[in-house]
Amino acid sequence: MDRPLKTFFIRTYGCQMNELDTEIMAGQLIKKGLSPIQDEDSADLLIFNTCSIRDLAERKVMGKLGLIGRGSKKNVVIGLTGCMAMAKKNNLFQKFPHLDFVIGTNNITDLGHVIDEVLSTRRQVMKTDELFEENLDYLATRRESKVKAHVSIIRGCDKFCTYCVVPYTRGSEVSRPPESILEECRSLVDQGYKEVTLLGQNVNSYGKDQPEWNCRFHDLLARLDAIQGLERIRFLTSHPVDITIELMQALRDLPKLCQFVHFPLQAGSSRILKKMHRIYTAEEYFEKVDQLRSIVPNVSLGTDIIVGFPTETDEDFEATYEAMKKIRFSLAFIFAYSARKGTPAQRWKDDVPEPVKEARLQRLLELQDQISSDEQHQMLGKTYEVLVERFNKDGRMLKGRTRCWKKVILEGPSQLIGTLQQVHIHSFSHQTLLGKVVQ
Ligand code: SF4
């Protein structure tokens, strides 16, 4: 690259944590004088913010980088960030000699320096620290939405589920100081934001690594709930073991906290849960759901499920099916197991045949479709508070969400964007409710 960088494009793969990291990196680049553009092919700087959770996500990035290598992007700086950077490290430079830099999940604060180094030395640069240092410039974050914002509160994970790469790609849990989170949320409210979603691989662990702060997750929620002008607080994601009574009480008592909890079950068989190192049994999980529902009767639950984990028998699978039937989640992300490099589960034989995994997956998807459709039927004719977020993809109707995270499409002028409306639900189509503002 023999001219100054003026424009950038970041392609993001994977979870909300990655989307937020992209927004944080975009903020740093704008501060450095670059402008974001929508056309990936014209950007001076191209970054792939990658994900290693599933094999497919990795293959997509490898394919894309391979194509670029064969193309004519000689005058472009190309970088790779995110989980693949941590999982593959030096192999990336060997495989893709046209890659200019690789930055791990714990080094996004170094983005500016790394780009300067690439430009001045014309060498490939890699930064992949194992530990995260809490020194990001959150206030510069450049967000797409003007209504709702993701806010990072803890990075990393200490749970080590046997199928998951996150503890290896994102490192140990590091909580962000409460004052820094409060400062960012107050600044968001000043800019007109109405909703924040607190993000972390396991937000319920918040503060455990910093006992001297005396601020656990429910304490942080109470402090955020007191911010004038903030309308809604959500959080993602939770580990069932860390969902405490205090958190359940916060869900009942804090008016801004939305009553939706992502409560990943993963499997309904205690034998499989043990093999996954989920550190709870199916019975303990059910007890916790009962306890939560008795304290917060209107709570909605979401979950993640893996089918076809090594050694999963028909009986184990039926336990998962029955668990989903019994709990009736509002939302479920269901996946067929695929081994991830570097995880303990990768050492075990992936012994459930693909057609069996696929059949199990389809059965659960059909069950969940039925449960969601029943739930939507029950919402018909009722009125719900909706935060109007933006125009829907068609550009005519508006899109928003209820407190329990149901998507609602409604008619109305653009002035409704960023406001809370009472919306009467009159019909639904697949996962979307259709409604009308109640005057
Ligand atoms: S709790 Fe388990 S599945 Fe979730 S990020 Fe940590 S190791 Fe991965």
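The chain is numbered in sequence order, starting from 1. Order of appearance sets the numbers: ligands from 1, and atoms from 1 within every ligand.
For residues 181-233, the ring pair (Phe, Tyr, Trp, His ring centres under 6.0 Å) pairs, not counting sequence neighbours, are F217-F235. Pairs of residues two or more places apart, or lying in two chains, that qualify as side chain to side chain donor-acceptor pair (under 3.5 Å) and include a residue from residues 153-167 are D21-R155, K159-D242, Y163-Q266, Y163-R278. Pairs passing the ring pair (Phe, Tyr, Trp, His ring centres under 6.0 Å) check and including a residue from residues 131-161, sequence neighbours excluded, read F160-Y168.
Looking at Q210 and S175, their side chains never bring a donor and an acceptor atom within 3.5 Å of each other. For the residue pair S187/Q191, the side-chain donor-acceptor check at 3.5 Å is satisfied.
Nearest to atom 4 (Fe) of ligand 1 among the protein's heavy atoms is R278 NH1, 4.4 Å.
Of all the heavy atoms in K275 and P310, the pair that sits closest is CE-O, 3.7 Å.
Protein nitrogen, oxygen and sulfur atoms, that is N, O or S, within less than 2.8 Å of atom 8 (Fe) of ligand 1 amount to 1.
Close approach of ligand 1 to H239 (heavy-atom distance below 4.0 Å) involves ligand atoms 1 (S).
A cation-pi geometry, defined here as NZ or CZ lying under 6.0 Å from the six-membered ring centre and within 45° of its normal, holds between K326 and F286.
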